[in-house]
Q: 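Below: one structure in C-alpha cells.
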Amino acid sequence: MSKLFLITTRIIETWDFDKDTLMLGGWCNTFDNKKNLENLKNNTILRYHWNDTEKVFEDYNYLNIFGEKVLSILAQNLNSIHHVNFSKEYWKIITGNWLFPFLHMIYDRWESVSKAFKEYNLESTKILKIDLDEVIPQSIENFIELAHQDKWNHFIFSKILKNNFKQSIKIEEIMLKSKDDYVKFIGDRRTLKQKLLFELYEKTRKIYFKIFSDEKYFISDTYIGKFDEILLNLKLKNFPITISAKSYFFVKPNFNLRKKFSIKMKTNNEFETFALELINDLIPCSFLENYKKIRLTANSSLWPKNPKVIFTSHAINNKTLSSFYIAEKKEQKAILICGQHGGGYGQCKFHWHEKFEKEISDYYLSWGWSDEKKIIPFGMLKSTRAIDKIKNNNKIKDKLLIVIRPKARYLSTPLDSKIRGPQILDYHLDCINVIDKFNKDFKEKNVIVRLHERTYGWCEKELWKNTIPDIEIDLGKDTIYKNIDRSKLVIYTYNSTGYLELMAVNIPVLLYWSNKDNPINNSAVNFYSELKEAKIFHNTHDSLIDHINSSWDNPHEWWFSNKVQDTRERFCKKYAKLNKKKVNDLKNLIRGCDLTK
C-alpha cells in the first residue's frame, strides 16, 4: 500500500501536490476547487463513516448517553463557578443546543480521522498554527457559524492528530499565508428598515411595560406567523413580544477563569477523554465569561417578569438571550409549551431536536402525531395563508419545480436520521441525474431548480449548470411561493416543512428520497408505503420520471383521484393536520395551563 499525504480540509496551503493524497471527506471536494483537485497527483476521498445508517443510529444513542453524563457534571461546575444553584434542566435549556451538537460533531471528526488511519497508510500532513482564542465561540449563535468554517474544523482535526496520532504520522506545522474563508462573527445583520421598526417597537413596549409589567404569558417565535402571533397575544391581553436581535455578546476569553473550569469524570475510551479536554477549551463565553452579563440582560429585558405560561417554537433553539430567559422562568415554575417547527418530526427514526424539545417542555404541540402523554396532536402551526392564495388562483402553470435541500459541508447540527452534510455532494449529483434524464427541450423550458439561499460553499448553481447549462435556477433569495405558483408539479427531495404545507392545502406534490438513507420510525412506515402506492412518494429515478411523464399533461387527474386523496388525507391527519381554529385553540390551551397552576 502506497504512503499517502492526508488532506483534512479545503484550505489549499495544507495540501501537497507532489504526493499521493487522501482527502478526509467530501467537504474538500467542492466545485470551485475543481482545478486544484485536477492538479493533485493521485487523490482518494475517504468514504464517509456515517454512510452506514445502522452505525449512525448506534453512535447517536451512545453520544446522547455520554452527553447526559457530561451535562450532569457541567451543570454542577457551572453552578459552582457562578455561585448559583440551578437544576440540570435549567442548564440543559441554556447549554443543550451547544453541548450535544458539539459532541456529535467532534465524534464525527474523530471517527473520520480514525477510519483514515485504519484503512490507509498515512505518511504526512500539514496543520495550521491557530490560536485558541480564534476558535472559542462567543455564544451558541457564534458556535454554529464557526462549525461551518474550514479553519475551525481544521483546528479540530489538528487537535485529534496531535493528541492521538502524532506517533503515526509526520506533522508539519505552518502559518496560513493567504486570506482564509473564516468569516468573523457579525452580531447585528438587520437592515436599516428592520432596525428602525425594532426601535419603534422597543420604545412602545417600554412605555407599555411601565404600566403593565405583570403579563402572564411569554408568547414569541411560535411559528404561527406574525399576524396570528399578534392576534393570539391580543386575545390573551398580552402585548406582542418580539425577541431582540441583540442576543450577541462579545468578550475576550479569560484563560485564568477557564483554568478553574474543568469537566472531570471517568471516561470509557480515548474519544471521551479527548472530548472532555475540548469542552474545557471551547466552551462558549456565554456560559463562562459572559454568563452573568447575559443573565442580567435577560432578567432586565422587556419581557414578562413572572410569566405563568411560555409558548414558543424557536426561542429555545440556538438563541442565547431567550434561552437564558426561558430557563430561569421555568425554574420559577412557568409552564413551557413548545411547538413543532419543521418536517421530519414524528417521522424520523431518530431526531435530536425533537427529543430535546420534548424533554424540556411541559407540553409539546405536534402537527398531528403523538407518541407520549405530553404531546398534543394540535395540527400545523405554520400559517398557510400565502399558499392558499396560490391554490385558489387560475394561473396557467407549466413548470416542474424541484426543491433542493441545504446542508453544510461539515456536520454542523445534532444528528437525526436524514442525510448529513458530507453526503450532500452525492445527493446533488443524484438529483442532477434525475433531471438530466428528461429530454433537452423539457428540462430547459419546463424545469426550475430551487436552491436554498444558504449554500455553505458547495457552489450548487455551478454544479447544476455544469451538467445542464440552460436550466432555470432559483437561488432561493425570494419566496418559494412565486415558483410554486408557476408549477404543475413540485418535487421535494427531502423530508421538510414545504411538502407538508402542499399536502395539507392539497397542491400536487411529489416526494423523492430514499428511506434507506433517511430511515423513518416504525409508525411512519405504513404511511410511506401508501404514499408510494399512490405514486406520491418515489425512491428511484425510473419511478419518478415515469410518473411525471405519464401524468404531465393533466396531473390533477391523478392527484384528485379517490385513491390519492384518501391516501393524502390519512397522511395529513397524522403529520400535517390543518387546524382552522388555531388561534382560539391556542388561547384556550394557554389559559387552561394558567388555571392549572
Side-chain angles (χ1 to χ4, degrees), residues 25-26 47-65 67 100-101 103-105 107-108 111-112 115 340-359 366-372 375 403-408 410-431 434 491-500 503 509-534 536-541 543-544 567 570-571 574-576:
R47 187 175 183 273
Y48 190 46
H49 69 102
W50 274 337
N51 284 350
D52 180 348
T53 55
E54 288 304 315
K55 181 181 186 299
V56 186
F57 186 51
E58 290 172 9
D59 291 347
Y60 169 81
N61 288 324
Y62 157 67
L63 290 166
N64 288 339
I65 292 169
F100 288 88
L103 290 175
H104 293 191
M105 291 178 207
Y107 190 74
D108 174 54
E111 286 291 278
S112 293
K115 189 173 191 288
Q340 179 182 335
H341 55 88
Y345 282 70
Q347 299 179 32
C348 287
K349 184 177 180 179
F350 55 94
H351 193 300
W352 184 83
H353 274 298
E354 178 189 319
K355 177 178 179 293
F356 170 74
E357 290 159 18
K358 289 191 295 186
E359 285 173 349
S366 82
W367 291 5
W369 53 274
S370 179
D371 57 13
E372 57 182 278
I375 299 174
V403 184
I404 305 297
R405 74 168 310 145
K407 273 284 184 183
Y410 302 94
L411 176 79
S412 55
T413 57
L415 285 168
D416 59 32
S417 59
K418 303 177 206 177
I419 60 171
R420 284 143 290 283
Q423 298 164 303
I424 287 294
L425 183 58
D426 288 339
Y427 156 84
H428 274 290
L429 294 174
D430 180 68
C431 292
V434 169
I491 306 171
Y492 267 87
T493 59
Y494 61 107
N495 197 335
S496 66
T497 307
Y499 87 87
L500 293 176
M503 293 273 278
V509 62
L510 299 170
L511 315 181
Y512 172 68
W513 62 78
S514 165
N515 279 336
K516 181 182 177 183
D517 298 327
N518 304 267
I520 53 177
N521 61 39
N522 291 335
S523 65
V525 170
N526 288 338
F527 286 98
Y528 274 88
S529 295
E530 289 184 2
L531 291 176
K532 187 175 180 181
E533 192 175 331
I536 297 172
F537 174 68
H538 301 264
N539 57 8
T540 67
H541 292 194
S543 170
L544 179 66
T567 300
R570 280 193 296 274
F571 183 86
K574 180 82 170 181
Y575 299 112

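Below, each value reflects all heavy atoms present in this structure, side chains not excepted, and no hydrogens, waters or symmetry copies. We number each residue from 1, following the sequence as shown.
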Q: Hey, could you give me the OH/OH distance between Y60 and Y107, rounded to the nearest 0.5 Å?
A: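 Output value for this atom pair is 15.5 Å.
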Q: Of the non-hydrogen atoms in P101 and W352, which two are nearest, and what is the gap between them?
A: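 It is CD-CH2, 4.5 Å.
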Q: What orientation do Y345 and H351 show, parallel under 30°, tilted 30 to 60°, or perpendicular over 60°?
A: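 Correct class here is tilted.
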Q: Closest heavy-atom contact between L411 and H104?
A: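 So the minimum-distance heavy-atom pair works out to CD2-O, 3.7 Å.
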Q: Might you point out which heavy atoms bring A524 and Q347 nearest each other, and give the distance in Å?
A: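 For A524 versus Q347, the nearest heavy atoms are CB-O, 4.1 Å.
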Q: Assess, by modelled atom type and distance only, whether the side chains of W50 and D52 contain a donor and an acceptor separated by less than 3.5 Å.
A: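 There is no such pair (donor and acceptor under 3.5 Å, judged by atom type) between the side chains of W50 and D52.
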Q: Go through H538 and I491 one step at a time and tell me if the side chain to side chain contact (heavy atoms under 4.5 Å, CB included) criterion holds.
A: CA-CA 10 Å; H538 301 264; I491 306 171; over 6 Å; no
Q: Do E354 and D416 have side chains that get closer than 4.5 Å, going by heavy atoms?
A: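 No, too far: nothing below the 4.5 Å cut-off.
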Q: How long is the gap from CD on Q340 to CD1 on I375, to the nearest 0.5 Å?
A: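 One gets 9.5 Å once the value is rounded to the nearest 0.5 Å.
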Q: Rounded to the nearest 0.5 Å, how far does NE2 of H353 lie from NE2 of H341?
A: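 The NE2 atom of H341 sits 7.0 Å away from the NE2 atom of H353.
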Q: May I ask you to decide if G343's main-chain N or O and N495's side chain share a donor-acceptor pair within less than 3.5 Å?
A: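 No, N495 side chain to G343 backbone: no donor-acceptor pair under 3.5 Å.
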Q: With a cut-off of under 6.0 Å to the ring centre and 45° to the axis, is K418 in cation-pi contact with Y494?
A: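 The answer is no; the distance or angle limit is not met.
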Q: Could you measure the distance from the CG atom of D59 to the CG atom of L415? Nearest 0.5 Å is fine.
A: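 Rounded to the nearest 0.5 Å, the CG-CG separation comes out at 8.0 Å.
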Q: Looking at K355, K574, K358, which hits salt bridge (Lys or Arg N to Asp or Glu O under 4.0 Å) with D371?
A: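 Result: among K355, K574, K358, K358 is the only option passing the salt bridge (Lys or Arg N to Asp or Glu O under 4.0 Å) with D371.
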Q: Identify the two heavy atoms, one from L510 and one from L544, that lie closest to each other, and give their separation to 0.1 Å.
A: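 That would be CD1-CD1, 4.0 Å.
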Q: List the atom of L63, the atom of L103, and the distance in Å for their closest heavy-atom pair.
A: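 Minimum heavy-atom contact is CD2-O, 4.1 Å.
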Q: Report the relative orientation of the aromatic rings in F571 and Y499; use parallel for angles under 30°, tilted for 30 to 60°, perpendicular for over 60°.
A: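 The arrangement is tilted - the two ring planes meet at 30° to 60°.
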Q: Determine whether H541 and D430 make a side-chain contact, defined as any pair of heavy atoms from C-beta on separated by less than 4.5 Å.
A: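 When only atoms from C-beta onward are counted, D430 and H541 do touch, with a gap below 4.5 Å.
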Q: Look at the rings of F527 and Y575 and say which category their plane angle falls in: under 30° parallel, 30 to 60° tilted, over 60° perpendicular.
A: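 Ring orientation of F527 relative to Y575: perpendicular.
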Q: Measure the shortest side-chain to side-chain distance between M503 and V509 over non-hydrogen atoms and say whether it is less than 4.5 angstrom.
A: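 Sidechains of V509 and M503: in contact.
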Q: Count the heavy atoms belonging to other residues, nucleotides or ligands that lie under 6.0 Å from CD of E533, then report whether that count exceeds 12.
A: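 No, because the 6.0 Å sphere around CD of E533 holds 12 heavy atoms or fewer from other groups.
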Q: Out of N526, N521, V525, which residue meets the side chain to side chain contact (heavy atoms under 4.5 Å, CB included) rule with S523?
A: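 Result for side chain to side chain contact (heavy atoms under 4.5 Å, CB included) with S523: N521.
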Q: Hey, is the main chain of N518 close enough, under 3.5 Å, to the side chain of S417 for a donor-acceptor pair?
A: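 Checking the backbone N and O of N518 against the side chain of S417, no donor-acceptor pair under 3.5 Å is found.
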Q: Rounded to the nearest 0.5 Å, how far does OH of Y528 lie from CD1 of I520?
A: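 Interatomic distance, I520 CD1 to Y528 OH, rounded to 0.5 Å: 6.5 Å.
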Q: Checking salt bridge (Lys or Arg N to Asp or Glu O under 4.0 Å) for the pair D108/R420: CA distance, chi angles, key distance, verdict?
A: CA-CA 11 Å; D108 174 54; R420 284 143 290 283; over 6 Å; no
Q: I'd like to know whether F537 forms a side chain to side chain contact (heavy atoms under 4.5 Å, CB included) with T567, so could you lay out the CA-CA distance, the side-chain angles of the two residues, the decisive distance to 0.1 Å, and finally the verdict.
A: CA-CA 11 Å; F537 174 68; T567 300; over 6 Å; no
Q: Can you check whether K115 reaches Y48 side chain to side chain, under 4.5 Å on heavy atoms?
A: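 When only atoms from C-beta onward are counted, Y48 and K115 do not touch, as no gap falls below 4.5 Å.
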Q: Roughly how far, to the nearest 0.5 Å, is CG of N539 from CG of L531?
A: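 Going from the CG atom of L531 to the CG atom of N539 covers 12.0 Å.
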Q: Do T493 and Y427 have a side chain donor and acceptor closer than 3.5 Å?
A: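 Short answer, yes.
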Q: Do V56 and F350 have side chains that get closer than 4.5 Å, going by heavy atoms?
A: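 A side-chain contact exists here, since the closest heavy-atom pair is under 4.5 Å.
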